[in-house]
Structure formats: structure tokens, C-alpha cells
Amino acid sequence: MSDLRAPLNPPRLKRKMGLVDFLVQFRWIIVIFVVLPISFTFYFLTYLGDVRSEMKSYKQRQKEHDENVKKVVKRLKKRDRSKDGLVCTARKPWIAVGMRNVDYKRARHFEVDLSAFRNILEIDKERMIARVEPLVNMGQISRATVPMNLSLAVVAELDDLTVGGLINGYGIEGSSHIYGLFSDTVVAYEIILADGQLVRATKDNQYSDLFYAIPWSQGTLGLLVAAEIKLIPVKEYMKLTYKPVRGNLKQLAQAYADSFAPRDGDQDNPEKVPDFVEAMIYTPTEGVFMTGTYASKEEAKKKGNVINEVGWWYKTWFYQHAQKALKKGEFVEYIPTREYYHRHTRCLYWEGKLILPFADQWWFRFLFGWLMPPKVSLLKATQGEAIRDYYHEMHVIQDMLIPLYKVGDALEWVHREMEVYPIWLCPHRLFKLPVKTMVYPEPGFEHHHRQGDTHYAQMYTDIGVYYAPGPVLRGEVFDGAEAVRQMENWLIENHGFQPQYTVSELSEKKFWRMFDAGLYEKCRNKYGAVGTFMSVYYKSKKGRKTEKEVEEAEKEQAQLETPEAEVDQ
């Protein structure tokens, strides 16, 4: 990673180092001796719990599910709206996988325990549907489905990411240029509303408005207790092609688009469009673009083919393995499908390099790689307020969702304002839906016939900006909060979106300039969420929520209730 320290932009003023810099520099001691052993123990116990669940019949799991739903309904009905705080889950504030601490839970609130909802309820091979509870994670469901030669259409890379988080928040994978975001692959939601009523929402039943409003709502419309998600047939291996590309950032952006979006507009042709797409920009002039297609075991094991089992703990971290293409040129290899899905888990993309600077070395991988990765929740729990503030100012964990044709402009902006490398690129479709949801394509996009677009979806790209900015690595002054604020303004101006798991500097007014509130607010009123669940802005905003803030939010939300809304209920 030494290439990241090259002074690519004009130097800034040097920053004075303090005690917190020392604590961050040697935080690896806590990570190795505290976080990693606890993480491994937690992962192992979770795995045993998953195995125990898999040994139960689907009938038994459904019976337990029904009993747990009744407990949640009973708990909700005990809430006194005039005395108790707003409803939220009982998970501790630091447990969420996202780097944003769940500050609103530090204020007065009414807890509902959903910790039992972590079972796969059914794998329906005829309907090609997986019915799962919200705390089922990606590692758990891929372990159950891939041996059947089945998979979720979109499998987010990190094992720990849960179905509920990916639905209510944001989920993407290298197959999203075909299937859209994770929430686009859901065919039904089972939701407990504020009054304790259990409903099933689909795109064509009486709760269709709720169906379209749930994604990105952060659990502020109701409590998700199950979801039915699309399955697709898969093969045993992923045939992955690594292609190095050199040029300026605009040229890299065009080569990235060309890797999966035919210039003739034939975007739905499987002969021209790969099953998986991913790109990593390592410097302002170098990137490696990866395209994958499913392959059978027979094809993968043909003489001369290279099989790379990237899931073993001692293997070179995936992003560093891909970087080898810059020296050796284009190459092809076959990766077991499930191992490919979770290729970024062990090193947390490249964040592992900052957490443990030597963890990518061969000796550490061989001796201790089996302990990786540290749980993000435990990293947050052990960082303390000072280190937390340091990361907010000196670190970037952001995703920019932008139209494909603006990727070059976005890369130049990130280089100029943040200078963060590597950068992750992953395309996804943003569908034109019957209603306007919180995130939506550019109006009239279908008339421009741009590369990657179809008449029913606009092609977007996630630009993942995860690492310490160049100025921070060089010991220079860097205002992280201001950089994020400027990034959010750029997104608003360019019809882009920022996933809400990240840190936001937006005011409420600007937040609703980035997202559309129409359907969301309508559903909040119609289904009694106002005065029961905190608004998505207050749940997502940066900073600790005081008791006073929560009370004021409750009053503001209660004022939004109208007689018409009560009639609708």
C-alpha cells in the first residue's frame, strides 16, 4: 500500500499529532489480544447456532417463528404512547455492522427484542424463493443454498450482513447490474405494524404501497419479521477474468462501463453481459476490472485451468491478489462459488490493512489468518469516544451511488477532495417502478439511451470510498466532516444517493433533497408509524440523540398525524 502515500495533490499544512494518534497507531494490540479472540468465539458460537437451526425441520422453525411473532405483538401492545419512548430493537448500539454508531438508542426508547429471528424458514425450489427471518446473514444463507446449486440473486460480500439490514438499509453485489439492489430481489415482506398487526406486503396486494416504501426506511415503518427473496440457479464455480487497465480516471471509467455494458445497448443479452462485475481502482491511473460467469465443476477442473480457493485463511487477500494483474497482465481463474461470494470478508475489503497493518503478511495469514476478520461491532465497542471522533475526522467509509455515465466525474471529485485509494466500483440497476420510492432513476433517463440503460432501469454504480485519505496518511490537515458534507452536496447535484449506514452531515432539509419523502411519509401516517417509530432522518443523522431531541422528534411526528391518516388506518 506504499503507493497510497505518494503526494498526488498539492501538499497541505502538517497536522499536529496528539495522544489519540498514538492510541490509533497501536490499537492493533487491543485488536489482536481482545477483539480477534472474542470475534472468533462469537463467530464459532453463531455457527453452532446456525447448525442447530438447520437440524430442525421447516415445520418446527415455522412454529417457533409464529411463537416469536406473538411475543413481539404482545410486547408492542404493552407500550404506552404517552409515557414510553419510540420503538426500536433491543440490539446494543454498537452491534450494527455499519460504521455509524446507532446513537438514537442512547436516548429513552421502548425496546422490542428481535434476537430470535435468525432462522431460514423455507427454501422453496419450485417457487425459487427463500423465506428467511431478518437476522439471517449472508454467510448463513449461502452455506444453505449453494450446495443445492441455488443462491440469492444478490449476495452481499460480507458474511455478517443480515437480511433485515440489507432490506431496510442498503445491499449490493456484483450481480446487481442484472438484478438491482438486494431489496429489488424481495417478493414479499412480513411486517408487524405499530398497532401490532401482522401483514404480508407484496407489489400487487393491498399493502403494495408499504412494499415499495420498506427499502431504505431503516425499520421506521414497522418491524420486519420475515422476507421472501428470489433464488436463482448457480453452478459450482465462478470463472473470473482479471483485466488490468491504465489511463486517466475518465478512461478508467469508460473501460469499466465497457466491461459489462454493451455499447450497442443490448444490455439484456447474457452472451454480452457477465454474471458478475467488480472493479478496483488502485491509483489515479491504474485499475483492475473483474468479470465473472458461473461455470460447472467439470469445466473448472479441465486440464490447464487454474482453481483458486480464495476462502482459505492463509490466502493472499483478494484485493491484493487482483492487483497482481497490473504486473502479470490479464488472467483467468476459477473460484468456488461460495468462496467468491465472500471474497472480501476476511480483509473487510482493504480496511483490514488499517486495523492490523501487518495482517496481510504471509506469516500472519498462515499463523493467525483463521482469526480474521474482527467483528466490526466489537471494533466499535472497544474504540472509545476519542478514537471514534478521530475516525470520523480522519477516515472515510462512504458509498456514492451515481448514474453510470457520471462515474468519471465522480472519480475525479473523490481524487481531488479525498484522495482515497483503492476505490471499489460495482454497478447496479435502479428500476423505474410504478411509484416513486425513496431512491429513483433520473426523470426521462430512458429517452437518452445511455450506455447500460434500458427502458425499464437506469444503470447506476456504487463508488465505494473506504480508507484513510491521502492527506491523513501523509500527516497533513484534513477535515473529514467537511469532505463528507461536500460529497453529499455533490451527490444531490448529480442525482446520486448515499446509503444511510454511513456518516451523514446533511441537515434534514438537504436529506430530503437527496431522497424522496412522498411515499415514505404517506405510509408512516397510513400505518401508524408516526409517534411510534423514529423518522428515518433522525435515525440516520450523525451525533448522539439526547432525551430532549427524542421528545421533540416525538412531538413533531405526532403533529403530522391527521384525521385523514387515522381514517386510512
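Hydrogens, waters and symmetry mates are skipped; everything else that's a heavy atom, side chains included, is used. Because the structure is predicted, anything quoted here is derived from the model rather than measured.
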- prompt: Would a distance-only check, ignoring hydrogens and angles, find a side-chain to backbone donor-acceptor pair under 3.5 Å from Asn205 to Arg200?
  reply: yes

- request: Let me know which of Tyr421, Phe289, Trp350 forms a side-chain contact (heavy atoms from CB on, under 4.5 Å) with Met280.
  value: Trp350

- prompt: Is Asp184 salt-bridged to Arg429, cutoff N-O under 4.0 Å?
  reply: no

field: Donor-acceptor under 3.5 Å (Asn168 side chain, Gly219 main chain)
entry: yes

query: Taking the side chain as C-beta and beyond, is there a heavy-atom pair between Val132 and Glu228 under 4.5 Å?
result: no

message: To the closest 0.5 Å, what do you measure between OH (Tyr179) and CG (Leu152)?
response: 11.5 Å

- prompt: Under the 3.5 angstrom rule, does the side chain of Lys539 hit a backbone N or O of Gln218 as a donor-acceptor pair?
  reply: yes

task: Can you measure from OG1 (Thr293) to CG (Leu240) and round to the nearest 0.5 angstrom?
output: 8.5 Å

- request: Could you tell me whether the side chain of Tyr212 reaches within less than 4.5 Å of the side chain of Cys523, counting heavy atoms only?
  value: no

query: For the rings on Tyr207 and Tyr189, is their centre-to-centre separation under 6.0 Å?
result: no

message: For Trp512 and Tyr537, I'd like to know if the aromatic rings sit close, meaning centre-to-centre distance below 6.0 Å.
response: no

- request: Mind listing the closest non-hydrogen atom pair of Val465 and Met400 along with its distance?
  value: CG2-SD, 4.4 Å

Pairwise side-chain contact, Val484 with Gln398, heavy-atom cut-off 4.5 Å (strictly under): yes

- line: Correct closest heavy-atom pair for Ile402 and Lys406 would be CD1-O, 3.5 Å

message: Rounded to the nearest 0.5 Å, what separates atom CD1 in Ile172 from atom CG in Asp399?
response: 8.0 Å

message: Under a 3.5 Å cutoff, is there a donor and acceptor pairing between the side chains of Glu493 and Asn489?
response: no

Ion pair check, Lys510 and Glu505, cut-off under 4.0 Å: no

query: Between Glu488 and Arg485, is the closest basic N to carboxylate O distance under 4.0 Å?
result: no

- line: Scanning both residues in full, the closest heavy-atom pair of Glu508 with Tyr538 reads OE1-OH, 3.4 Å

task: Could you tell me whether a side-chain N or O of Asn494 sits under 3.5 Å from a main-chain N or O of Gly496, the two making a donor and an acceptor?
output: no

- prompt: Looking only at atom types and distance, does a side-chain atom of Glu417 sit under 3.5 Å from a main-chain N or O of Val414, one as donor and one as acceptor?
  reply: no

message: If you define the side chain from C-beta out and look only at heavy atoms, does anything of Leu411 sit under 4.5 Å from Ile423?
response: yes

message: Looking at every heavy atom in both Gly287 and Leu252, which two are closest together, and how far apart are they?
response: N-CD2, 4.2 Å

query: Does a donor on one side chain sit under 3.5 Å from an acceptor on the other, for Tyr520 and Thr220?
result: yes

message: Is the ring pair Phe515/Phe511 parallel, tilted or perpendicular, if the boundaries are 30 and 60 degrees?
response: tilted

- request: Report the distance from atom SG of Cys426 to atom NE2 of His177, rounding to the nearest 0.5 Å.
  value: 9.0 Å

message: Given 3.5 Å as the limit, does a donor-acceptor pair link the side chain of Ser208 with the main chain of Asp204, or not?
response: no

query: Passes side chain to side chain contact (heavy atoms under 4.5 Å, CB included), Val24 versus Tyr391? Steps please.
result: CA-CA 9 Å; Val24 170; Tyr391 283 136; 4.0 Å; yes

message: I need the single residue from Tyr319, Tyr349, Tyr282, Tyr467 that forms a ring-ring contact (aromatic ring centres under 6.0 Å, His included) with Trp424. Which is it?
response: Tyr349

query: Any side-chain heavy-atom pair from Leu150 and Met128 closer than 4.5 angstrom?
result: yes

- prompt: Taking atom CZ of Arg513 as the centre, does the number of heavy atoms from other residues, nucleotides or ligands within less than 6.0 Å exceed 12?
  reply: no

- prompt: Stepwise, does the side chain to side chain contact (heavy atoms under 4.5 Å, CB included) test hold for Glu278 with His344?
  reply: CA-CA 12 Å; Glu278 175 181 36; His344 292 298; 2.4 Å; yes

- request: Give the intermediate values and the outcome of side chain to side chain contact (heavy atoms under 4.5 Å, CB included) for residues Leu348 and Tyr466.
  value: CA-CA 10 Å; Leu348 298 174; Tyr466 326 126; over 6 Å; no

query: Out of Glu442, His428, His495, which residue meets the side chain to side chain donor-acceptor pair (under 3.5 Å) rule with Gln458?
result: Glu442

message: Asp209 and salt bridge (Lys or Arg N to Asp or Glu O under 4.0 Å): which single residue from Lys436, Lys203, Arg524, Lys526 fits?
response: Lys526

Validation row: Gln451, Met459 side chains within 4.5 angstrom (heavy atoms): no

task: Classify the ring geometry between Tyr170 and Tyr501 as parallel (under 30°), tilted (30 to 60°) or perpendicular (over 60°).
output: parallel

Contact summary for Glu157 and Thr345, nearest pair of heavy atoms: O-OG1, 3.0 Å

task: Would you check if the side chain of Thr532 reaches a backbone N or O of Gly528 as a donor-acceptor pair within less than 3.5 Å?
output: yes

task: Verify, without hydrogens or angle tests, whether Ser151 (side chain) and Ala153 (backbone) share a donor-acceptor contact under 3.5 angstrom.
output: no

query: Thinking salt bridges, do Arg246 and Glu286 make one under a 4.0 Å N-O criterion?
result: yes

task: Using the ring of Tyr341 (Phe, Tyr or Trp, six-membered ring only), decide whether Arg338 places NZ or CZ under 6.0 Å from its centre and within 45 degrees of its axis.
output: no

- prompt: Given side chains that start at C-beta, do those of Trp216 and Val536 come closer than 4.5 Å, heavy atoms only?
  reply: no

task: Check whether any side-chain heavy atom of Asp453 lies under 4.5 Å from a side-chain heavy atom of Gln267, and answer yes or no.
output: no

Nearest atoms (heavy-atom pairs only) where His415 meets Leu249: CB-CD1, 3.9 Å

statement: Between the CD atom in Gln206 and the OG1 atom in Thr202, the distance rounded to the nearest 0.5 Å is 9.5 Å

Aromatic plane relationship, Tyr242 with Phe318 - under 30° parallel, 30 to 60° tilted, over 60° perpendicular: tilted

- prompt: Going from CG on Leu491 to CD1 on Ile463, what distance comes out if it is rounded to the nearest 0.5 angstrom?
  reply: 9.0 Å

message: Could you walk me through whether Leu181 and Val154 satisfy the side chain to side chain contact (heavy atoms under 4.5 Å, CB included) test, starting with their C-alpha distance in whole Å, then the side-chain angles of each, then the deciding distance to 0.1 Å, before giving a yes or no?
response: CA-CA 7 Å; Leu181 298 176; Val154 174; over 6 Å; no

